[in-house]
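What follows is a short report on a single structure.
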Amino acid sequence: MTRWMRRQLPMGLYARSLLIVIIPMVLLQSVVAFVFMERHWQLVTQRLSSAVTSDIAALIDLIDLSPETISDADIIRIARERLNLNLSIEQGGELPAPRPKPFFEILDQILSEEISSQIRRPFWIDTVGDSDIVEIRIKIDGDRILRIYARRNSAYASNTHIFIVWMVGASLVLLTIAILFLRGQIRPILALAQAAESFGKGQKIASFQPRGAEEIRRAGLAFILMRERIERQIEQRTAMLTGVSHDLRTILTRFKLQLALAGNNPDLEGLNQDVEDMQSMLEGYLAFARSEAEEDLGNLKLSDLLARMEAEAELLGKTLTATMEGSDDVRVRPNAFSRLVGNIVSNAFRYAGTVAVDIRHGAKWLTITVDDDGPGIAEKDREDVFKPFYRLDEARNLDASGTGLGLAIARDIARSHGGNVTLADSPLGGLRAIIRVPA
């Protein structure tokens, strides 16, 4: 029951806050209305009906006790002038057949009970409809019928709707004020959530200022400080590795110059290869440090990605099957995302002959699945291969240079977009790489 209620309730903070305000108000009004209907409305109606019935009983007693001294015309006049009742006395009449009892008609029930207890004679009443008149017929001595027309508000608390109107109207006013107040309090929280989500996706935050209640301001200030620390750390890391790369490039340039001056010496081929490997490793370190974070967001066509994959497959003589579902445009950092997808697909081409790419662009997520029939990666190593500088004994790595940064860079790019890269077994028998980022 708890899980079912949790699924039915809205997930948004604004909607839940409104429920916190609305539900107690509705419950309180329901209890008050029930008590009012059960006590006040019923009690007032019962007393009014009892008073009207007492007046009718007095008229019947007057007819029974003084048939010779008081005429029917005098009784009709007294009822009209003193009791505000219109009546007539019919000779040789019969009571109509009982009418169906109306549903939830308190006047019919109470008035019938009062007539039965006070007059104790056959009667017939008509309280149904929107008329302001209640008709009552009572059989008196012999075959005469006393026909009474009384005002409905004389026997019924007809102004109770005013209480309901005031209660509902006041509740709507209070609810409107609560909605406006909650919107003002929820808006800073939504702004903080949007800023955090944008920062998690690697997007630039235009202008975020903590607003709202003190606790929300403190959370916003903590977010700003956290963002500044992270950005400062990234800048320091980039600056450090850029400096190291620059210094090492200078030394490598000297090595290359000296090797070039040495001429074509077979003994120096290994040294030449080592210099090239060091150059590739430096480029890998620098790419991992930067993680393409300096690139701005832009639109990327997924069909262009597929076209480049197909061209690469044709060039390498590999078999590629590609499917795409959803919108062609996606908003990412184009160069970084192209590098992410391209590296994973190139890795599949390097170790497999058949590759299948499936792209599904939904309303919330973009999922790219790359399957191949290569050797794959053991399940126990699938998380370790994402660690920087980690290498397998039987290396299946995204970097041809063998620096152990390929998958680390791929996951870093995916996470900078607010997503992730995971590995699993492929139905083709090899490795499945799943790229999932927010759409």
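Note that these values count all heavy atoms, side chains included, but never hydrogens, waters or copies made by symmetry. Since the structure is predicted, the reported quantities are computational estimates derived from the model, not experimental observations.
Looking at heavy atoms from C-beta onward, Arg211 lies out of side-chain contact with Ile216 at the 4.5 angstrom threshold. Side-chain contact check for Leu85 versus Arg80: every heavy-atom pair is 4.5 Å or farther apart. With contacts defined as side-chain heavy-atom distances shorter than 4.5 Å, the pair Leu431/Leu423 qualifies. Looking at Ile434 and Arg432, their side chains come closer than 4.5 Å, going by heavy atoms from C-beta outward. Contact annotation: the side chain of Val173 approaches that of Ile177 to within less than 4.5 Å [non-hydrogen atoms, C-beta and beyond]. Looking at heavy atoms from C-beta onward, Asp372 lies out of side-chain contact with Ser426 at the 4.5 angstrom threshold. Between Thr422 and Asn420, the closest side-chain pair of non-hydrogen atoms falls below 4.5 Å. Side-chain contact between Leu48 and Ile110 is absent, with no heavy-atom pair separated by less than 4.5 Å.
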Could you walk me through whether Leu366 and Phe337 pass the side chain to side chain contact (heavy atoms under 4.5 Å, CB included) check?
CA-CA 12 Å; Leu366 169 65; Phe337 193 78; 3.8 Å; yes
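Shortest non-hydrogen contact noted between Trp124 and Pro96 is CD1-O, 3.6 Å. The heavy-atom pair separating Ala313 from Phe349 by the smallest distance is CB-CZ, 3.6 Å. For the residue pair Leu192 and Gly220, the shortest heavy atom distance occurs at CD1-CA, 3.9 Å. When all heavy atoms of Val355 and Ala348 are compared, the pair lying nearest together is CG2-CB, 3.8 Å.
One N or O on the side chain of Asp328 and one on the backbone of Leu302 form a donor-acceptor pair closer than 3.5 Å. Judged purely by atom type and a 3.5 angstrom limit, Trp365 has no side-chain atom pairing as donor or acceptor with the backbone of Arg436. Ser117 places a side-chain N or O within donor-acceptor distance of the main-chain N or O of Glu113, the cut-off being under 3.5 Å. With Arg382 contributing its side chain and Ile377 its backbone, the two residues share a donor-acceptor pair below 3.5 Å. At least one donor-acceptor pair closer than 3.5 Å links the side chain of Asp373 to the backbone N or O of Gly353.
Note on Glu310 versus Lys318: no salt bridge recorded, every NZ/NE/NH1/NH2 to OD/OE distance being 4.0 Å or above. Between Lys301 and Asp329 there is a salt bridge, with a side-chain nitrogen of the basic residue lying less than 4.0 Å from a carboxylate oxygen of the acidic one. Classification of Arg137 and Glu135 as a salt-bridged pair holds, one side-chain N sitting under 4.0 Å from a carboxylate O.
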